[in-house]
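Just below is one structure, and these are the notes that go with it.
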2 protein chains.
Amino acid sequence: MMIDKSSAKPYYEQIVLLIKAQVLQGILQPGERIASVREMARQLLMNPNTVSKAYKMLEMQGVIMTVKGRGTYIAEQQATVRDDVKIAQIKHKIQDLVLEARYLSVDKTELTTWITEQYGRGQVNAND
Amino acid sequence: MMIDKSSAKPYYEQIVLLIKAQVLQGILQPGERIASVREMARQLLMNPNTVSKAYKMLEMQGVIMTVKGRGTYIAEQQATVRDDVKIAQIKHKIQDLVLEARYLSVDKTELTTWITEQYGRGQVNAND
DNA sequence: TTGTGTGTACTACGTATAATAATACAGTGT
DNA sequence: ACACTGTATTATTATACGTAGTACACACAA
């Protein structure tokens with residue numbers, strides 16, 4: 001877990017993405033306990049409120065579960081229902097991404113390769 | 001030219017992306033004059049300062065050229081030199097994009113299809 | 001020359017977001 | 001009782017965004 005202080009992304013958002021990535025890669029397993037708000041804040045050298053905000057968002061997204069007085073745990077990952085609104089948002093991001101790529105002389109093949117690399121990371125169904 | 005007031009993207013950034021997209025699609029040709037700062041502000045119902053900020057960034061990126069007292073024009077589009085820093089930024093955006101896509105059950109094939117659609121827009125070399 | 005339009009620069013103001021700081025409260029388990 | 005947990009609240013600081021108003025130097029046509 002490392003936070004990029006120079007990133008334009010806010011700290012809490014970086015935490016959200018890190019946790020989600022680790023869940024997707026199987027590094028964090030459902031039922032597993034993660035660091036408490038205060039402990040995580042100590043590790044990342046930041047304010048507990050910021051970590052709390054990240055956990056709050058992760059719980060809203062169903063990635064984690066919080067139990068009062070006990071701690072925070074990775075939730076059972078449910079099959080996501082396709083959300084048309086979010087799909088539209090992704091398509092919009094792709095629009096900006098391709099625009100930027102083309103201005104950098106990155107062709108479709110190269111971009112697709114990088115996409116494939118990212119899909120390679122993380123086991124969809126671990127069987128070992 | 002339409003600005004999305006409800007978008008999380010700042011106005012000036014939306015203008016930058018719109019102009020760049022239109023240049024890439026050939027809608028705006030090199031040498032062609034675009035609306036002045038004040039005229040564009042009137043059309044988009046926003047402050048001239050915001051448009052000026054967008055034009056400033058577009059000029060830094062070599063997309064447009066400004067001539068004092070005369071106006072603003074589309075620059076000759078130069079063959080971009082590959083910028084390793086910007087390439088790394090794109091790869092990082094892809095990382096976030098794929099993460100989000102996988103949480104929405106969007107598989108690699110579907111994502112690649114959308115990418116291809118975006119590359120389809122805009123003529124690389126118009127020959128008519 | 002006068003007038004209009006151009007890019008540019010500057011200050012000021014209001015608003016929203018992000019992050020920190022310091023408390024406080026209720027629940028859990030030893 | 002004690003220490004830890006998540007959660008909520010208020011306050012403060014810093015930054016970004018957008019608007020508003022003003023000003024200056026340049027280009028060009030009447």
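We name chains A, B, ... by the order of the sequence lines, and we start the count at 1 in each one. These numbers were taken from a predicted model, which means no experiment stands behind them.
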Rounded to the nearest angstrom, tell me the gap between atom [atom1] in [X] and atom [atom2] in [N].
| X | N | atom1 | atom2 | answer |
| --- | --- | --- | --- | --- |
| A:Leu44 | C:dA19 | CG | P | 12 Å |
| B:Arg42 | C:dT6 | CZ | C1' | 11 Å |
| A:Lys56 | D:dT7 | NZ | P | 8 Å |
| A:Met40 | D:dC4 | CE | P | 18 Å |
| B:Met57 | C:dG7 | CE | P | 18 Å |
| A:Gln14 | C:dA19 | CD | C1' | 13 Å |
| B:Arg38 | C:dG5 | CZ | P | 10 Å |
| B:Tyr73 | D:dA27 | OH | C1' | 10 Å |

Inset, instruction - For A:Glu13, answer base if it contacts any base atom (sugar-phosphate contacts may also be present), sugar-phosphate if it contacts only those atoms, and nothing otherwise; contact means non-hydrogen atoms under 4.0 Å. - result: nothing
Inset, instruction - Would you indicate what A:Glu39 reaches in the nucleic acid, counting non-hydrogen atoms under 4.0 angstrom: base, sugar-phosphate, or nothing? - result: nothing
Legend entry - Flag, side chain of A:Gln29 to backbone of A:Ile27, donor-acceptor distance under 3.5 Å: no
Inset, instruction - Would you confirm whether B:Tyr103, through its side chain, and A:Lys20, through its main-chain N or O, come within 3.5 Å as a donor-acceptor pair? - result: yes
Legend entry - Whether over 12 other heavy atoms sit under 6.0 Å from B:Met60 CE: yes
Legend entry - B:Lys93 and A:Glu100 ion-paired at < 4.0 Å: yes
